[in-house]
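Input: a single structure, listed below in structure tokens.
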Amino acid sequence: MFHPETETFTSYNSSNGLPNDVVYQIVEDAEGLFWLTTNSGLVRFNPETKQVKGYTTANGLLGDQFNYRSSYKDETGAIYLGSIDGFVVFNPKTFTENKSLPPVVITDFMLFNKEVRADEENTPLEKSITFSDSITLQANQNSFSFRIAALGYQVPKMNKLMYRLDGFDKDWITVGESPIVTYSNLWHGDYVFRVKASNSDGIWGPKSICYIFIFFLLFIFRSGHIAFIYCCLLSVLYMPFGISGSVAAGCIAVSSRSLSRKKNARFITLK
């Protein structure tokens, strides 16, 4: 793009959001927006905000590859573009922004790549994962998967999903082609799995976020004698550090407290 006041140029490519580095034609509409044809779709570029929005066959184009220097704008503002599959005709004035945010759902839950349902024996699900707000897992159930979806049907291929497991992931992770998210060999503790989605116009919003709490049960001794022997062994191991008494006392307190509250507790978690 040429800047007449400084007589300099600024180049834009795939690092700035373009689908690739091949541009066949540029047409300016009545609002000053640039429409770029490439071999990976149509691009709308705002020279003021530097915002880039792409359109592909998912938006209704005949094809994603256009022809070199094949464009025309008539007196009404309609733009004609030539692609290898035919002409594309549109008027930018008729374009509207998609402000509808797709709801996000977790459709399936899997343990060790095997689907788990609420009506199975020894299942951790009290109801369908879609309607669950928490899961309590045993210590040996620390490898699991979720299948997630964005329920937006206006150009659904353009919807995007991101997820994050609080307590494990530092940043949001973009979902690729597979809608399945897997975590393996997690340490015991409490986690929150969060998912968010954007619509076909790339708009993200808080209403499109869903989350589920994940609790890992700490191993609980069913026998007080076994717990006492285990704590004595820990005391011997930690004796060189001078904390054997506190370890034994703490273990006995935890064992007694866990046994007394087991019937009344809905979740037993290690924090």
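The model shown is predicted, which means the values in this text are computed figures rather than measured ones.
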Same hydrophobic cluster for [X] and [Y], using side-chain heavy-atom links shorter than 4.5 Å among ILVMFWY?
X: V195; Y: I135; value: yes
X: L165; Y: F112; value: yes
X: V23; Y: L33; value: no
X: V88; Y: I79; value: yes
X: V89; Y: I26; value: no

What verdict does the side chain to side chain contact (heavy atoms under 4.5 Å, CB included) test give for S145 and N113, after you've listed the backbone C-alpha separation in whole Å, the side-chain angles of each residue and the deciding distance to 0.1 Å?
CA-CA 7 Å; S145 305; N113 297 322; 4.2 Å; yes
Do you know which two heavy atoms are closest between [X] and [Y], and how far apart they sit?
X: L151; Y: P102; result: C-CB, 3.8 Å
X: M110; Y: R147; result: CE-N, 4.1 Å
X: F144; Y: F109; result: CB-CE1, 3.7 Å

Take atom [atom1] of [X] as the centre, draw a 6.0 Å sphere, and report whether it contains more than 12 heavy atoms from other residues, nucleotides or ligands.
X: E5; atom1: CD; result: yes
X: E28; atom1: CD; result: yes
X: K93; atom1: NZ; result: no

Between [X] and [Y], a side-chain donor and acceptor under 3.5 Å:
X: D85; Y: S83; answer: no
X: S14; Y: N20; answer: no
X: T37; Y: Q25; answer: no
X: D21; Y: Y12; answer: no
X: T38; Y: S40; answer: no

Is there a side-chain contact between [X] and [Y] (heavy atoms, below 4.5 Å)?
X: Y163; Y: T174; value: no
X: V52; Y: L18; value: yes
X: P124; Y: L137; value: yes
X: Y24; Y: N39; value: yes
X: T130; Y: I106; value: no
X: W204; Y: L101; value: no
X: L61; Y: L42; value: yes
X: I214; Y: V192; value: no

Can you confirm if the aromatic rings of F45 and W35 lie within a centre distance of less than 6.0 Å?
no
Indicate, with yes or no, if the rings of F168 and Y191 have centres closer together than 6.0 Å.
no
Any residue meeting ring pair (Phe, Tyr, Trp, His ring centres under 6.0 Å) with Y72, in chain and number order, not counting sequence neighbours
Y80
Report the distance from atom [atom1] of [X] to atom [atom2] of [Y], rounding to the nearest 0.5 Å.
X: N16; Y: S11; atom1: CG; atom2: OG; answer: 7.0 Å
X: S134; Y: E126; atom1: OG; atom2: CD; answer: 7.0 Å
X: D171; Y: M162; atom1: CG; atom2: CE; answer: 8.5 Å
X: F193; Y: R164; atom1: CZ; atom2: CZ; answer: 11.5 Å
X: K196; Y: L161; atom1: NZ; atom2: CG; answer: 11.0 Å
X: F87; Y: S71; atom1: CZ; atom2: OG; answer: 10.0 Å

Donor-acceptor pair, distance only, cut-off 3.5 Å: does the side chain of [X] make one with the backbone of [Y]?
X: N199; Y: N98; answer: yes
X: T123; Y: L125; answer: yes
X: D64; Y: T56; answer: no
X: D74; Y: G77; answer: yes
X: S143; Y: N185; answer: yes
X: E7; Y: P4; answer: no
X: N46; Y: E48; answer: yes

What's the verdict on side chain to side chain contact (heavy atoms under 4.5 Å, CB included) for V105 and I148, showing C-alpha distance, side-chain angles and the deciding distance?
CA-CA 6 Å; V105 295; I148 57 181; over 6 Å; no
Might you work through the side chain to side chain contact (heavy atoms under 4.5 Å, CB included) test for D108 and F146, ending with a clear yes or no?
CA-CA 6 Å; D108 297 286; F146 295 105; over 6 Å; no
Could you tell me whether K53 sits above the aromatic face of Y55, with NZ or CZ closer than 6.0 angstrom to the six-membered ring centre and within 45 degrees of the axis?
yes
Nonpolar side-chain network containing V155, other nodes, edges under 4.5 Å
M158
So L81 and F90, side chain to side chain contact (heavy atoms under 4.5 Å, CB included) or not? Walk me through it.
CA-CA 9 Å; L81 302 172; F90 65 94; 3.7 Å; yes
Report the C-alpha distance between D169 and Y183 in whole Å, list the side-chain angles of each, state the deciding distance to 0.1 Å, and finish with yes or no for side-chain hydrogen bond (donor to acceptor under 3.5 Å, both in side chains).
CA-CA 10 Å; D169 295 322; Y183 290 95; 2.4 Å; yes
